[in-house]
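Note: hydrogens, waters and symmetry copies are ignored here, and every other heavy atom, side chains too, is used. Lettering of chains follows the sequences in order, A, B, ..., and the numbering in each one begins at 1.
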Amino acid sequence: MTISGIKGMNDILPNEVQTWQFLESTARRIFETYGFTEIRVPVVEKTELFCRSIGETTDIVEKEMYTFTDKSGNSLSLRPEGTAPVMRSFIEHKLYTLDPVNKLYYLGPMFRYERPQKGRYRQFHQIGAEVIGVDDPRIDAQVLIMLVHFFAAAGIDTVELQINSLGCKECRPGYRQMLVTFLESRLNALCDDCRRRYLANPLRVLDCKVPGCREATVAAPSVLDHLCAGCNDHFVAVRSSLDATKTPYAINPRMVRGLDYYTKTTFEMVTENLGAQNAVAAGGRYDGLIKSLGGPSLSGIGFAAGLERLALLKTSSPVPPPRPDLFIAALGDAAGKEAFLLMSSLLQRNFRVEIDFLGKSLKSQLRRADKLGARFVLIIGEDELARNSAPLRDMRTATQDEVGLTDLAQLLMERLQQNSAPI
RNA sequence: GUGGGUGUAGCUCAGUCGGUAGAGCACUGGAUUGUGGCUCCAGGUGUCGUGGGUUCAAGCCCCAUCAUCCACCCCA
């Protein structure tokens, strides 16, 4: 009886890990360009942290957390998202005393107990970024521009940036009541789900996929028409910065957030290529969160991108594994030993080199060199050892010439530079 | 938590009316006493997811169960 993995928790196998590393390194490069530095926080936190930040009545907290009691009786949870732990760390270590503006990014696994489906898993990975301490709407725009920049750098072009504003604690309650009143007037036109949730999460009704609900809510009041002056000015300024930098976006006044702490600007990168999961990245401003967690009165804005979903979008153009510069094919014991020495020496000089360890025939070794995508193959046997030179085969052009073994590293470097163009 | 689909070779799948299991790809070797890709040849005893049941006989029918996928809910 073999042991299998846990439902919804996936292995990332060698043939897909290249794509993951590409996405991660691209994100790091772009985020660091914009002045963000990485912060690493534990995957386990006190349960209370998530209750207070994400919201007691959200689905995440109510039924999706991996919560357990440790041996000293504390209630702990595997993190279902990254912002709350980062804010906890920010407050705990008083990072605001070192710099009034903090730009942080994080990367790692999150856990939610949900039924797995396409693009949705119980252990999933997010890469996220947070800016703390800036109210200026230009920072909202910069975060969005960075997000767009990242997607472009990652070669993912089947996404659209959508933005919205959820207002603040001044204007949101009034709008919410107005929306509830509107929905009550259309209650019998709504689906069962929406009738159930219109009080708890009226905004969610606007995002319902059922056509009847769509029709019933076409005339629903828009949050954007009921922002207070401050929120409206902020949203206009964000749009103005996006327009000025020619950043493409769409306004989606029906965008919803699953976490309670969001205010003002919210946004998503959405795609139509992931089945039911259309959000690849999502985020927004959270001006009250840090204070509510016992920290200073500082505003924040950030987002998280789902790496599984990004990887799914990359499957159409997978990232190839690195190819060997050289495969040394050897015939006979003496040549095998020499091949090992040559390889070791070249590896120390940072060439990618492979040899055969299985005692295969020359044909078989060449097949393997081809399969690995080796750029060159050096073929050595007894004769080659005796004359201290050997044929070096260019696998791209299927030509070969005799080269000395003494200065192989120098020669290899020249040949690799000469013809480094992709196939 | 709810609903539906699918479990047969490493992978993708076929398998007729129930009659004791196949293809493509991949992999390995060979066609060249030391030369890859293309082509050709050869190489498969696989708990048919698992456990019951019906039957002379079950991959196929029935029941249960597990896994997985997709969708709902929710969300990255």
Quick tally for nucleotides 38-44 of chain B: nucleotides whose base has a protein heavy atom under 4.0 Å get B, sugar-phosphate-only ones S, the rest -, giving -------
Using a 4.0 Å heavy-atom cut-off, does A:Ala398 contact any base of the nucleic acid, only the sugar-phosphate backbone, or nothing at all? base
Atom P, compared across B:U55 and B:C62: separation rounded to whole Å | 16 Å
Sticking with atom C1', work out how far B:G46 lies from B:C41, rounded to a whole angstrom.
24 Å
Query - Flag side-chain contact, heavy atom, 4.5 Å: A:Thr57 against A:Glu62 - result: yes
Check your understanding: Can you check whether A:Lys360 has a side-chain N or O nearer than 4.0 Å to OP1 or OP2 of B:U28?
Key -> no
Quantified in whole Å, what is the C1' atom distance between nucleotide B:C75 and nucleotide B:U12? 31 Å
- prompt: How about A:Asp287 and A:Lys264: do any of their side-chain heavy atoms sit closer than 4.5 Å?
  reply: yes
> If you measure only the distance, is there a donor-acceptor pair under 3.5 Å linking the side chains of A:Ser53 and A:Arg88?
Replying inline: no
> If we take the P atom in both B:G5 and B:A64, what is their distance in whole Å?
Replying inline: 14 Å
Check: Taking the P atom of each, how far is B:C63 from B:C25, in whole Å?
Finding: 39 Å
Using the C1' atoms only, state how far B:A76 lies from B:U6, rounded to an integer number of Å. 27 Å
From CG of A:Asp370 across to P of B:U28 the rounded distance in Å is 12 Å
Between CG of A:Asp192 and C1' of B:U2 the distance, given in whole Å, is 13 Å
| request: Report yes if some heavy atom in the side chain of A:Met413 is under 4.5 Å from a heavy atom in the side chain of A:Phe351; otherwise report no. | output: yes
Check: B:G34 base within 3.5 Å donor-acceptor of A:Gln365 side chain: no
When rounded to the nearest 0.5 Å, the distance separating CG of A:Asp70 from CG of A:Leu76 is 4.5 Å
| query | Taking atom types as modelled, is there a side-chain donor on A:Thr406 or A:Asn388 under 3.5 Å from an acceptor on the other? | reply | yes
When rounded to whole Å, the NZ to C1' distance for the pair A:Lys363 and B:U28 reads 13 Å
- Query: Base, sugar-phosphate alone, or nothing: which one does A:Glu384 contact when heavy atoms must sit under 4.0 Å apart?
  - Reply: base
Those residues at least two apart in sequence (or on a different chain) that pass ring pair (Phe, Tyr, Trp, His ring centres under 6.0 Å) with A:Phe68 are none
Residue set satisfying ring pair (Phe, Tyr, Trp, His ring centres under 6.0 Å) with A:Tyr262, at least two apart, ordered chain then number -> none
In whole angstroms, the gap separating C1' of B:G34 from CZ of A:Arg393 amounts to 12 Å
Indicate whether the side chain of A:Arg28 and that of A:Tyr105 have a donor and an acceptor atom separated by less than 3.5 Å.
yes
Review point. How far does the C1' atom of B:G52 sit from the matching atom of B:U16, given to the nearest Å?
Key: 28 Å
Here RNA chain B, pairs taken as Watson-Crick or G-U under 3.5 Å and shown with ( ), [ ] when crossing and | when to another strand, reads (((((((..((((.....[..)))).(((((.......))))).....(((((..]....))))))))))))....
Practice problem: Using only heavy-atom distances, decide whether a donor-acceptor pair under 3.5 angstrom links the side-chain of A:Arg368 to the base of B:G36. | Solution: no
Distance col, row A:Phe267:CZ vs A:Ile301:CD1, nearest 0.5 angstrom, shows 5.0 Å
> If you measure from the Lys or Arg side-chain nitrogens to the Asp or Glu carboxylate oxygens, is any gap between A:Arg195 and A:Asp192 under 4.0 Å?
Replying inline: yes
Here the distance between atom C1' of B:U35 and atom CD1 of A:Ile380, to the nearest Å, is 15 Å
When rounded to whole Å, the CG to P distance for the pair A:Leu372 and B:C27 reads 11 Å
Letter by letter from the 5' end, nucleotides 68-76 of chain B scores (B base, S sugar-phosphate only, - none; protein heavy atoms under 4.0 Å) S-SBBBBBB
Contacts of A:Tyr113 and A:Thr399 projected onto RNA chain B by closest heavy atom; the upstream (5') one is A:Tyr113
The correct set of residues in residues 329-346 of chain A placing a heavy atom under 4.0 Å from RNA chain B is A:Leu331
| query | Is it the case that A:Arg368 places NZ or CZ above or below the six-membered ring of A:Phe327, under 6.0 angstrom from the centre and within 45 degrees of the axis? | reply | no
task = Please test A:Thr67 against A:Ser77 for side chain to side chain donor-acceptor pair (under 3.5 Å), starting from the C-alpha separation and ending with a verdict.
result = CA-CA 4 Å; A:Thr67 297; A:Ser77 294; 2.8 Å; yes
Quantified in whole Å, what is the P atom distance between nucleotide B:G7 and nucleotide B:C13? 9 Å
| message | Would you say A:Ser361 places a side-chain N or O within less than 4.0 Å of OP1 or OP2 belonging to B:U35? | response | no
Side chain to side chain donor-acceptor pair (under 3.5 Å) test vs A:Arg285 passes for just one of A:Thr263, A:Asp140, A:Thr265, namely A:Asp140
- Is there a side-chain contact between A:Leu289 and A:Leu293, using heavy atoms and a 4.5 Å cut-off? yes
Taken to the nearest whole Å, CG/A:Asp356 to P/B:U35 is 16 Å
With no hydrogens and no angle check, just 3.5 Å: does a side-chain donor-acceptor pair link A:Glu160 and A:Tyr249? no
